[in-house]
Protein chains: 2
Amino acid sequence: MSVTTVIGTESGLTVSEVAAQSGVAPSAVRFYERHGVIRAQRTAGNQRRFASDASCRIKVAKLAQRVGLTVKEIAETFDALPPQPQPEEWSRIADHIVTEAEQRVEALKRAIAAMSTGGHLCDIDEALATMP
Amino acid sequence: MSVTTVIGTESGLTVSEVAAQSGVAPSAVRFYERHGVIRAQRTAGNQRRFASDASCRIKVAKLAQRVGLTVKEIAETFDALPPQPQPEEWSRIADHIVTEAEQRVEALKRAIAAMSTGGHLCDIDEALATMP
DNA sequence: TGTTGACTTCAACATTTGTTCAACTTCTAG
DNA sequence: CTAGAAGTTGAACAAATGTTGAAGTCAACA
């Protein structure tokens, strides 16, 4: 071996590896670690080493951001995960995020429906507004 | 009358009125106008006057932000509205926003499902990772 | 040994979404 | 007419989400 990148010694994924796997920039990987979305061990030489679930966390986080969750909220959600999460625990987290997103969409739909009741949504009540 | 606030002369809602109706700060109302979420006429004295759909636009915008749409995206969506939108046109816009939000949630769900196939989601493939 | 590439931290910058303040103008009530 | 409430602009600040660059460290290979 040693022709292509030698995979991180000291057991764990490097920043670049996680970045490549998750499709974000290395700077973003560091950013997510600082904000608790992912966790890292350190090597003797102070380099980060991530467990293999790191890139998955980032992928989920990116999608969660797309539906309005903040990095902080996502980090807090992931906080419920133990160091060695079981697939089933992961599913619970995923469900939680999806549910939160769906609730926000429902809130949006309900609000729009509420505004629509009576046949008007955001229409200009010209007649009413200009009444004496 | 004339005891409580007299509603803006020169036909239209003032910044404060829209702010009160929509539940945001006056500064936010000006912000949304600058970014095209709402539009204003100006009085002879250069004050903003909003049509009565302004607060509704803001309410929808706030909820749309909660599901991940940016102010710019929302403004672009509202751009499709004519100056005097009919309720039906409003419904189309509302549908568009809801649909966009639902698509994002679907993307999230599909991605999670894809990651879950094979029984693992984000679990640590310790065995695999440490294989020689 | 030395240089090369990947890593480290820290600071600065950029964008989005607002808020706050100062200085000035306009509107409305009395 | 005049005082005070509310409006105007512009600049500065703030938090969230990153990116970029400088300066230094570390490990591996020739």
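This is a predicted model, so every value here is computed, not measured. Numbers restart at 1 for each chain; the letters A, B, ... are given by sequence-line order, proteins then strands.
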- Do any side-chain nitrogens or oxygens of B/T43 fall under 4.0 Å of OP1 or OP2 in D/dG7? no
- Task: Could I get the full list of side-chain hydrogen bond (donor to acceptor under 3.5 Å, both in side chains) partners for A/Q103, not counting sequence neighbours?
- Result: none
Side chains of residues 27-34 of chain A: which donor-acceptor pairs under 3.5 Å do they make with residues two or more places apart or in other chains?
{"residue": "A/Y32", "atom": "OH", "partner": "A/K62", "partner atom": "NZ", "Å": "3.3"}
{"residue": "A/Y32", "atom": "OH", "partner": "A/Q65", "partner atom": "OE1", "Å": "2.9"}
{"residue": "A/E33", "atom": "OE1", "partner": "A/R48", "partner atom": "NE", "Å": "2.4"}

- Query: Under 3.5 Å, is there a donor-acceptor pair between the side chain of A/R104 and the main chain of A/G68?
  - Reply: yes
- Partners passing salt bridge (charged side-chain N to carboxylate O under 4.0 Å, His left out) against A/E106 (at least two apart in sequence or in another chain): A/K109
- Query: Taking atom C1' of D/dT17 as reference, at what distance in whole Å does atom CG of A/L63 sit?
  - Reply: 17 Å
Name each donor-acceptor pair under 3.5 Å that joins a side chain in residues 75-82 of chain A to protein atoms two or more places apart or in another chain, with its distance.
{"residue": "A/T77", "atom": "OG1", "partner": "A/E73", "partner atom": "O", "Å": "2.9"}
{"residue": "A/D79", "atom": "OD1", "partner": "A/R39", "partner atom": "NH2", "Å": "2.7"}

- Query: Can you pull the disulfide bond (SG atoms under 2.5 Å apart) pairs that have at least one residue in residues 59-103 of chain A, sequence neighbours excluded?
  - Reply: none
- Round to a whole Å and report the spacing from CD of B/E76 to P of C/dT16. 12 Å
- Specify the separation, in whole Å, of atom CG of A/L69 and atom C1' of D/dA16. 14 Å
Under-3.5 Å N/O pairs linking protein and nucleotides 8-10 of chain D:
{"residue": "D/dT8", "atom": "OP1", "partner": "B/R48", "partner atom": "N", "Å": "2.6"}
{"residue": "D/dT8", "atom": "OP1", "partner": "B/R48", "partner atom": "NH1", "Å": "2.9"}
{"residue": "D/dT8", "atom": "OP2", "partner": "B/R30", "partner atom": "NE", "Å": "3.0"}
{"residue": "D/dT8", "atom": "OP2", "partner": "B/R30", "partner atom": "NH2", "Å": "3.3"}
{"residue": "D/dT8", "atom": "OP2", "partner": "B/R48", "partner atom": "NH1", "Å": "3.0"}
{"residue": "D/dT8", "atom": "O5'", "partner": "B/R48", "partner atom": "NH1", "Å": "3.4"}
{"residue": "D/dT8", "atom": "O3'", "partner": "B/R42", "partner atom": "NH1", "Å": "3.4"}
{"residue": "D/dT9", "atom": "OP1", "partner": "B/R42", "partner atom": "NH1", "Å": "3.4"}
{"residue": "D/dT9", "atom": "OP1", "partner": "B/R42", "partner atom": "NH2", "Å": "3.3"}
{"residue": "D/dT9", "atom": "OP2", "partner": "B/R48", "partner atom": "NH1", "Å": "3.2"}
{"residue": "D/dT9", "atom": "OP2", "partner": "B/R48", "partner atom": "NH2", "Å": "2.6"}

- Sorted by chain and number, sequence neighbours left out, side chain to side chain contact (heavy atoms under 4.5 Å, CB included) with B/Q47 holds for B/T43, B/R49
Is there any protein nitrogen or oxygen under 3.5 Å from a nitrogen or oxygen in nucleotides 13-15 of chain C, and what are the pairs?
none

- Please report the shortest heavy-atom distance between B/A51 and B/L13, naming the atom on each side. O-CD1, 3.9 Å
Every protein N/O lying under 3.5 Å from an N/O of nucleotides 18-20 of chain D:
{"residue": "D/dG18", "atom": "OP1", "partner": "A/K62", "partner atom": "NZ", "Å": "2.9"}
{"residue": "D/dG18", "atom": "OP2", "partner": "A/Y32", "partner atom": "OH", "Å": "3.0"}
{"residue": "D/dG18", "atom": "OP2", "partner": "A/Q65", "partner atom": "OE1", "Å": "3.0"}
{"residue": "D/dG18", "atom": "OP2", "partner": "A/Q65", "partner atom": "NE2", "Å": "2.4"}
{"residue": "D/dT19", "atom": "OP2", "partner": "A/S27", "partner atom": "OG", "Å": "2.5"}
{"residue": "D/dT19", "atom": "OP2", "partner": "A/A28", "partner atom": "N", "Å": "3.2"}

- Task: Would you mind listing every disulfide bond (SG atoms under 2.5 Å apart) that reaches into residues 11-52 of chain B, with sequence neighbours excluded?
- Result: none
- Query: disulfide bond (SG atoms under 2.5 Å apart): which pairs involve residues 40-69 of chain B, sequence neighbours left out?
  - Reply: A/C122-B/C56
